[in-house]
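For reference, the structure is listed below as structure tokens.
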Amino acid sequence: MYNINDLYDSTIPGNKTSEERLFRQLSVIFRAVIGHKGKTTISAEDQEDIVQNAVIKVAKVYSRTTFRTSFAAWAHTILKNEFLNYCKRQSVRKKYMVRMTTDQSLSDSEPADQKLVARLVECLRQLHRTQPNHARIINLHHQGYTASEICERLGITANSLRVSLHRARKKLRACLEAKGIANE
Amino acid sequence: MSDCTDKQIGRLLGSYQLGLLPEAEADAFEVHLMECPACLEQHLKESEVTELIQHNPRVRAVIESLSGDEDDESERPVAARAKERPQRSRRSILLRTFAIAASLAILLILRPWNLRFDSTDEVTASDLRLTVALFDNLADPADSDATAAIITNLLVGDLAESQHLQIVSSKHLQDNYGHRPVPGDTAVSSMSNAVRVAEIARARWILSGSIVQVEPKLTLTTKLTETATGRIVFSHRITAEEGEDLFSLVDEVAALTRRDLLEPLNVEEEHDHVVADVTTNSLSAYRHYVEGLELYSKHYLSEAERSWRKALEYDSTFAMVYYCLAYDFDSSLIEKAVQYSGQVTPKERLYIQSLQALMEGDNEGAAGFLTELVDAYPNEVIAWMELGALAVSAGDIEAGVQYLLKSIEVDPVYKDAYWYLALVYRYSGAFDLALQTADKYLALVPHEPGPYHTRGTILARMGRLDEAVVSFKTSVQRKPDFGEYRSMLELGKLYIYQREYPKAVECLQLIAVEGSPEKRSIARTYLALVPLYQGQVEQTIAVLKDGITVDRMELSSAGIADVRSFKHAVRGMAYSEIGDYSAARRDLLEAISLIRSAYPDNRTSWISTYVYILAAGGDRTGADSVTGELKRHLTETASDLDTYYLSMGMMETGSANYARAVEWLQRISDPGKIGFCGRFCLARSLLEIERYDEAAMEFEAFVRDVGDDHQLLVGIWSVKAHYFLARAYESANRLVDAARHYEIFSDTWTDADPALKPLVTDARERLLRIETAP
């Protein structure tokens, strides 16, 4: 991975190789951003549509645009506008269908890395043994509860939640990197 | 974080992933992600874990088992939305909302909600929860004038106005269990039913009574019994004085009951209405009103309408009758209901206001009135149901389910709530839940046709045709014209799928003779589908020609343009199958014209089928022109482009540009909009571009979905689907499956027209090849 601005600087418009490198990484970043924004409300197909539309828009005009801030900021603006346009076009009621479509599309996607799954399961159990509340928080968070809803359910402040979740994810991350979970 | 290009922002990764950053900060962080390879890599790595935590079944199971019952999936955040109140004859408006929801959300699959049909432990036998037993008529055991029923209804209505008392009418159970008072045994039957209801509904008290005499003076006795002990705590004998009538007596009984229950608890009741002032002064009007309610509850709509209209002959100011008629039969009557709403109870006024808002297109306003209603009367089961219907029509299926479950909790014997919930589950694709709910409905009213019809529709959608046939047959046995011959029609359709053609014709001809003009027209269309399903296109065209002629004579109302247009669309598709594209085009244009005459704003109906025919007939220019116009219309009206994508996909299929067809059809974001023809074109196109597994999946879903009305209407394609599915299986080397579907196809088209025979011959040859392969 590279700093996208550096990639942009090294890209020569018309040079297929350098453009390909730039837009390949741009697509990865765009997917990550839209995947995060629309993880519970937009299907994988629609996410990809948004990404592709944004990339195409960038590709069409990047070479003749002067950026006030940076290429990254400008490209981000294009992506954000594309996302907002999508949201305007969609009605709220599609949210539920899309959620299931997302679930279905995931089942259609490449099979999960079974080693990762096994490691994740093991780490979640370890996390629960040392900090049971963290497993609950992770569960609620990934079910789609908002921060305020989680706080209400657990009777904790937003700051406590932020700290707890950060620690839980950090421990999970560390465990996944085979460092074991240490009690705090 | 090492290697992060800007640690100030980089440390926000965790907060960004948690969704805790305000928008501006989130934007800034996203730009940082683009500029910082380290953070981007970290985020991508964790995204993979996030995906697993959210969706991998094995990981989910572990998390849920670790986090315990508190995080039960059935209490997802959406439950909170259901409680928040969104900013509804219940029959056809509910069904109309379904037409909308179904077209948009047919493929929605719900998470399995935990259905609780019994009251929870939290609903204890409230001190103020009361069951009202159907009064016995000792003066006339058969209750031929329905006096007992009237008194019971009036009492229930009056007492239910109380803000303290919670009323459950055991009349539900009277109907539910088919227990009608038996001459000489009335007291036992009514009371035992009431006890049963009281136990189910956890009602502490049972109010029962008898009509002792009618002449010379109307005399009632009442008693208040404690459910658990059977102890009679209060009893009264009330005789009408000079000038008093039944309504006055009911007022008195209600007042006494309220006093008996509320005084010991030191609860003050609000102003008590005089029953006659808030219903009608006419006993005959009320009798017909109650009769209408009873018929309506069994889904006998025409009969209910007749009763209500009769009620108006006796009292033309009866607001709630106008309300009932407006709900399902004549929406203009809502104005009358509003006009006379000074003579209704506060609760009924809210119902009227809600319906008025709904008819003005103000769904939020309608929900608002209903919300006010349930706030004041938390046990008003119908209001909960109607809130559910409004939520469903707004696309909030999960909230709708919550409301319906609430209505069941409030009144566990209210059958309509089960009926409607089963409908919601069915349209959402949660067939197992739908069937469970339908079975509960059936258990409540096993003698009525409705639950069998409901079960039949669910079983048909599940592909369990034999069981569906049994269910519909039972419905028809109980009432041949149930649902205006809806059960009979469904039975006829299933017989077509089962290739029991004489039985299908028998069912459909009965409707074609005895149904309403609209139903007769529908039956004539389906009669044409009998030969169409067998590949007998010429005969189909002939039958449709007759049907169209009769339609012109019988049907003048624009409101049934849909019914008439279907015949032309079916005939058009039939013509296209034998290569007569000119005739096909004419029919599709006529179908479109009929719709546009009736609904000038509708610029999309039949367009996708039309462009398919244009393209298949070689008129690509014409097809492009139509799709261009469609896109312009959708853009100008700020509509989504799904119908355009569908039309483009079908056009490309017609032009044999299968790869392009797939691209277009897969752009459709709303699965409810792809429709039957779209799905067929997608499956066909996938097959042609050699994506055999995907094609097989699409065709499998296709042939399974026999409950879809449109499938039969494109009869040729619904049979061809077996042939193409077999081809997909064969190409994927699933020879046993291939053989099975070649056989189904060739058997169904044994007597097909010569124009279609080549396909049958090909199927038979392929079948032979498979069967004789070493």
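Every heavy atom of this structure was used, including side-chain atoms; hydrogens, water molecules and symmetry mates were not. Letters go in sequence order (proteins before strands), and every chain restarts at 1.
Looking at A:His36, its side chain never comes within 3.5 Å of a backbone N or O of B:His43 through a donor-acceptor pair.
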A:His76 and B:Met34: side chain to side chain contact (heavy atoms under 4.5 Å, CB included), yes or no, with the steps?
-> CA-CA 8 Å; A:His76 178 264; B:Met34 295 169 79; 3.8 Å; yes

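Look at B:Glu30 and A:Lys80 and you find no salt bridge, because none of the NZ, NE, NH1 or NH2 atoms lies under 4.0 Å from a carboxylate O.
For A:Phe71, no part sits under 4.5 Å from any heavy atom of chain B, backbone or side chain. For chain B, the nearby part of A:Leu26 is the side chain; its heavy atoms alone come within less than 4.5 Å.
Judged purely by distance below 3.5 Å, without hydrogens or angles, the side chains of B:Glu35 and A:Asn3 never pair a donor atom with an acceptor atom.
Separation of atoms CG (B:Leu40) and CD1 (A:Ile4) is listed at 9.0 Å; rounding is to 0.5 Å. Here the SG atom belonging to B:Cys36 is positioned 15.0 Å from the OH atom belonging to A:Tyr2, to the nearest 0.5 angstrom.
In this structure, A:Asn81 places its CG atom where more than 12 heavy-atom neighbours from other residues, nucleotides or ligands lie under 6.0 Å away.
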